[in-house]
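The analysis underlying the following values was restricted to heavy atoms, covering all of them including side chains, and did not include hydrogens, waters or symmetry mates. Each chain gets a letter, A, B and so on, in the order its sequence line appears, and its residues count up from 1.
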Protein chains: 2
Amino acid sequence: MKYHLQPIGTKMSEAKKKRSRGRPRSLDRTRILEDAMRLYWHEGPLRLSLNEVCRRLEIAKPGLYREFGGEDGLLAACLDLYWDLYMKRLHDFLSTTDQPFLKQIESVIDAIAGEVSGMATDAGCLSVKMRSERNRLGPIARARVEQLERDNLTSYESWIRRAQSEGTLRVDLDPSTLASYVDAQVFSAFHQKGQGVDGDIIRSNAKLAFSILLLPETGKD
Amino acid sequence: MKYHLQPIGTKMSEAKKKRSRGRPRSLDRTRILEDAMRLYWHEGPLRLSLNEVCRRLEIAKPGLYREFGGEDGLLAACLDLYWDLYMKRLHDFLSTTDQPFLKQIESVIDAIAGEVSGMATDAGCLSVKMRSERNRLGPIARARVEQLERDNLTSYESWIRRAQSEGTLRVDLDPSTLASYVDAQVFSAFHQKGQGVDGDIIRSNAKLAFSILLLPETGKD
DNA sequence: CCCATTAAATACTAATCGGTACAAAATAGA
DNA sequence: TCTATTTTGTACCGATTAGTATTTAATGGG
């Protein structure tokens with residue numbers, strides 16, 4: 001395994017402004033990246049050889065190396081795209097005040113356990129799969145994963161803080177601790193989804209797990 | 001990948017009774033199996049090539065094939081050994097009535113999150129790692145994993161039933177549903193352990209997760 | 001029209017993979 | 001000692017891997 005510690009695709013992008021002579025680009029970076037993201041999402045990162053990835057993406061290997069610097073850079077770019085397309089939505093949703101806390105929890109559970117074709121298809125969640133492989137990722141993708149985990153926790157924590165200040169969440173628990181807990185539960189649900197666990201089981205597990213967030217007197221269901 | 005659908009190592013074992021002429025066995029099956037179990041435990045199943053496994057176990061490749069039939073059989077045998085050495089203990093412990101329900105929960109949490117060198121070392125838990133790779137296992141190992149999951153759930157369910165009949169666990173929740181929940185939480189904790197998550201975080205997550213099992217009026221701590 | 005320049009893909013490398021033929025080693029009986 | 005038998009390990013197979021050198025294609029400028 002060889003790693004490029006300096007960005008590669010980006011350097012090309014910033015030089016894209018000027019296009020003098022030379023063979024014009026035919027490689028569609030956007031298409032490749034979207035296909036790669038879906039591919040890793042369904043098959044799992046590091047589950048396919050780079051040869052096989054190139055075969056499925058219908059791109060020559062040197063093209064992939066030139067454009068992404070290798071597997072590490074490609075995985076990092078895929079995770080970025082996944083974040084932009086799916087995870088940002090989730091965290092944006094949690095930061096809105098349109099719905100009450102309880103409804104938000106239900107929505108999240110539905111989004112994971114249901115058959116909605118959002119960030120959680122039958123394939124599970126790409127970010128969860130990336131996190132599961134964190135120790136085998138290259139330095140670039142691993143750094144992205146770690147940043148994503150920090151962003152996750154930050155989002156959950158502010159979500160919890162807001163609910164506590166609104167009085168819709170018990171205040172006898174530390175927000176940071178709860179954020180870790182929520183992250184672990186969301187991770188677990190997505191992980192089960194990716195393993196093919198039945199949606200009803202995932203839902204009942206998640207409902208139980210999130211029930212600790214409810215106010216003691218709201219212990220109904 | 002080639003799979004042997006009929007037991008191989010066992011057939012040899014039963015024929016062991018008679019030893020007429022021929023080169024005497026020098027291969028130490030027990031040693032190989034124990035080393036392989038620890039190896040897969042720490043490195044993860046399917047994470048090493050069979051060549052590398054043979055290298056580390058200091059066994060020639062044909063010997064491994066002859067003795068275990070290949071990777072699939074070896075993994076299955078390792079999982080069996082892990083069950084016998086570690087997981088049986090856990091489930092035996094849950095089925096005893098020496099300690100009250102609450103204490104048992106605490107013990108389980110300690111066993112996972114602590115530094116105890118039981119079934120959960122820093123490497124995590126072999127059965128959890130096997131379950132995580134279930135879809136990539138061969139038919140023999142996968143069948144073992146599925147049997148193990150059934151045994152897990154059965155054990156948790158009877159544990160829960162007993163606690164409910166003793167009045168130490170709220171009875172407004174279905175034992176089967178709770179068993180799934182407990183399994184998911186134990187799985188999650190072990191998974192985090194294997195990922196290198198800090199023990200204190202694992203412990204606080206687990207404490208929160210198991211707090212739903214407590215009686216409503218026991219909501220202290 | 002030719003050349004410099006840029007991008008693309010072919011074709012190659014050494015290494016490793018899963019799996020196995022086959023030969024070497026080590027015994028018991030003849 | 002010789003042979004049949006069983007185990008072990010070497011040495012090989014074709015396929016695949018990560019990564020790259022090299023060639024080919026396609027353009028704009030001179």
Side-chain angles (χ1 to χ4, degrees), chain A residues 1-6 8-9 11-32 36 40 43 45-75 136-141, chain B residues 1-5 8-9 11-32 36 40 43 45-75 133 136-141:
Chain A
M1 216 76 82
K2 234 187 63 178
Y3 297 119
H4 295 257
L5 295 181
Q6 283 174 343
I8 287 204
K11 202 191 298 179
M12 212 277 329
S13 301
E14 29 190 19
K16 177 167 47 176
K17 44 198 174 188
K18 255 191 188 172
R19 283 275 318 285
S20 62
R21 55 191 176 172
R23 177 172 174 169
R25 295 174 55 84
S26 63
L27 183 149
D28 185 349
R29 190 182 213 269
T30 304
R31 197 228 76 191
I32 298 290
Y40 282 129
E43 304 292 337
L46 307 186
R47 288 273 121 80
L48 298 174
S49 71
L50 215 46
N51 282 337
E52 183 64 25
V53 168
C54 291
R55 218 167 289 137
R56 306 234 195 151
L57 297 181
E58 293 175 312
I59 181 183
K61 209 169 8 165
L64 191 147
Y65 274 93
R66 185 165 20 85
E67 196 61 31
F68 300 99
E71 191 181 37
D72 189 23
L74 178 60
L75 283 169
R136 278 170 291 278
L137 295 177
I140 306 176
Chain B
M1 217 76 81
K2 233 186 65 178
Y3 297 120
H4 295 257
L5 296 181
I8 288 204
K11 203 191 298 180
M12 210 280 327
S13 300
E14 30 190 16
K16 179 167 47 175
K17 45 197 173 188
K18 256 190 187 173
R19 283 275 318 288
S20 59
R21 55 190 177 174
R23 178 170 172 170
R25 294 176 55 85
S26 64
L27 182 149
D28 185 348
R29 191 183 212 269
T30 304
R31 199 232 38 164
I32 298 291
Y40 283 128
E43 303 292 337
L46 307 186
R47 288 274 124 78
L48 299 174
S49 72
L50 215 46
N51 283 332
E52 183 64 24
V53 168
C54 290
R55 220 167 288 137
R56 306 233 196 151
L57 297 181
E58 293 174 312
I59 180 182
K61 212 173 356 171
L64 192 147
Y65 274 92
R66 184 165 20 86
E67 197 61 31
F68 299 99
E71 191 180 36
D72 189 24
L74 178 59
L75 283 169
E133 308 256 29
R136 278 171 291 278
L137 295 177
I140 306 178

**Q** Give a yes/no on whether any side-chain N or O of A:Asn51 is located under 4.0 angstrom from OP1 or OP2 of D:dT17.
**A**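 A:Asn51 to D:dT17 OP1/OP2: side-chain N or O found under 4.0 Å.
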
**Q** Is there a side-chain contact between A:His4 and A:Asp72 in this structure, where contact means two heavy atoms from C-beta onward sitting under 4.5 Å apart?
**A**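 They are not in contact (no side-chain heavy atoms under 4.5 Å apart), so the answer is no.
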
**Q** Just to confirm, is there a sub-4.0 Å distance from OP1 or OP2 of D:dT8 to any side-chain nitrogen or oxygen of B:Ser26?
**A**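 B:Ser26 to D:dT8 OP1/OP2: side-chain N or O found under 4.0 Å.
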
**Q** Looking only at heavy atoms, which two atoms of B:Leu64 and B:Ile59 are closest? And how far apart?
**A**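 So the minimum-distance heavy-atom pair works out to N-CD1, 3.6 Å.
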
**Q** Over how many whole Å does the gap from A:Leu50 atom CG to D:dT20 atom P extend?
**A**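 Checked: the CG to P distance equals 11 Å.
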
**Q** Measure from CG on A:Asp72 to C1' on D:dA18 and round the result to the nearest Å.
**A**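 After rounding, the reported distance stands at 14 Å.
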
**Q** In whole Å, what is the span from the CZ atom of B:Arg21 to the C1' atom of D:dC2?
**A**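 Interatomic distance, CZ of B:Arg21 to C1' of D:dC2: 11 Å.
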
**Q** Step by step, work out the side chain to side chain contact (heavy atoms under 4.5 Å, CB included) result for B:Tyr3 and B:Ile140.
**A** CA-CA 8 Å; B:Tyr3 297 120; B:Ile140 306 178; over 6 Å; no

**Q** Would you say that B:Tyr40 contacts B:Glu71 through its side chain, given a criterion of any heavy-atom pair below 4.5 Å between the two side chains?
**A**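 They are in contact (side-chain heavy atoms under 4.5 Å apart), so the answer is yes.
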
**Q** Starting from the first five and the last five pairs of the helix from C:dC1-D:dG30 to C:dA30-D:dT1, work out the angle between the resulting helix axes, to 10 degrees.
**A**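 For the helix from C:dC1-D:dG30 to C:dA30-D:dT1, the axes at either end differ by 30°.
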
**Q** With no hydrogens and no angle check, is any side-chain donor or acceptor of A:Arg56 less than 3.5 Å from a backbone partner on A:Ala36?
**A**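 Answer holds: no.
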
**Q** List in chain and number order the residues that pass side-chain contact (heavy atoms from CB on, under 4.5 Å) with A:Arg136, two or more places apart in sequence or in another chain; answer none if no residue qualifies.
**A**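 A:Arg136: side-chain contact (heavy atoms from CB on, under 4.5 Å) contacts with A:Leu46, A:Glu133, B:Arg47.
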
**Q** Just compare C:dG19, C:dA25, D:dT24 and give me whichever is closest to any side-chain atom of A:Arg23.
**A**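 For A:Arg23, the side-chain atoms sit closest to D:dT24.
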
**Q** Got a sec? Which of residues 53-62 of chain B come in under 4.0 Å of DNA chain C, heavy atoms?
**A**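 Result for residues 53-62 of chain B: B:Arg55, B:Lys61, B:Pro62, sorted by number.
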
**Q** Please determine whether a side-chain nitrogen or oxygen atom of B:Ser49 lies at a distance below 4.0 Å from atom OP1 or OP2 of C:dT16.
**A**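 No, no such contact exists.
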
**Q** Please pick, from C:dG19, D:dT6, D:dT17, the nucleotide with the shortest atom-to-atom distance to any side-chain atom of A:Glu52.
**A**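 Nucleotide nearest to A:Glu52's side chain: D:dT17.
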
**Q** Looking at side-chain heavy atoms only, is the closest gap between A:Glu67 and A:Leu27 below 4.5 Å?
**A**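 Answer yes - side chains close enough.
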
**Q** Rounded to the nearest 0.5 Å, what separation is found between the CG atom of A:Leu57 and the CG atom of A:Leu74?
**A**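 Taking CG in A:Leu57 and CG in A:Leu74, the distance rounds to 7.0 Å.
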
**Q** What are the two closest heavy atoms between B:Tyr65 and B:Leu50, and how far apart are they?
**A**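 Residues B:Tyr65 and B:Leu50, closest heavy atoms: OH-CD2, 3.3 Å.
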
**Q** Check this one for me: any side-chain N or O of A:Arg66 less than 4.0 Å away from OP1 or OP2 of C:dA7?
**A**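 For C:dA7, OP1/OP2 do not have a side-chain N/O of A:Arg66 under 4.0 Å.
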
**Q** From C-beta outward on B:Tyr65, which listed nucleotide comes closest to its side chain: C:dA8, D:dT7, C:dT20?
**A**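 Closest nucleotide to the B:Tyr65 side chain: C:dT20.
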
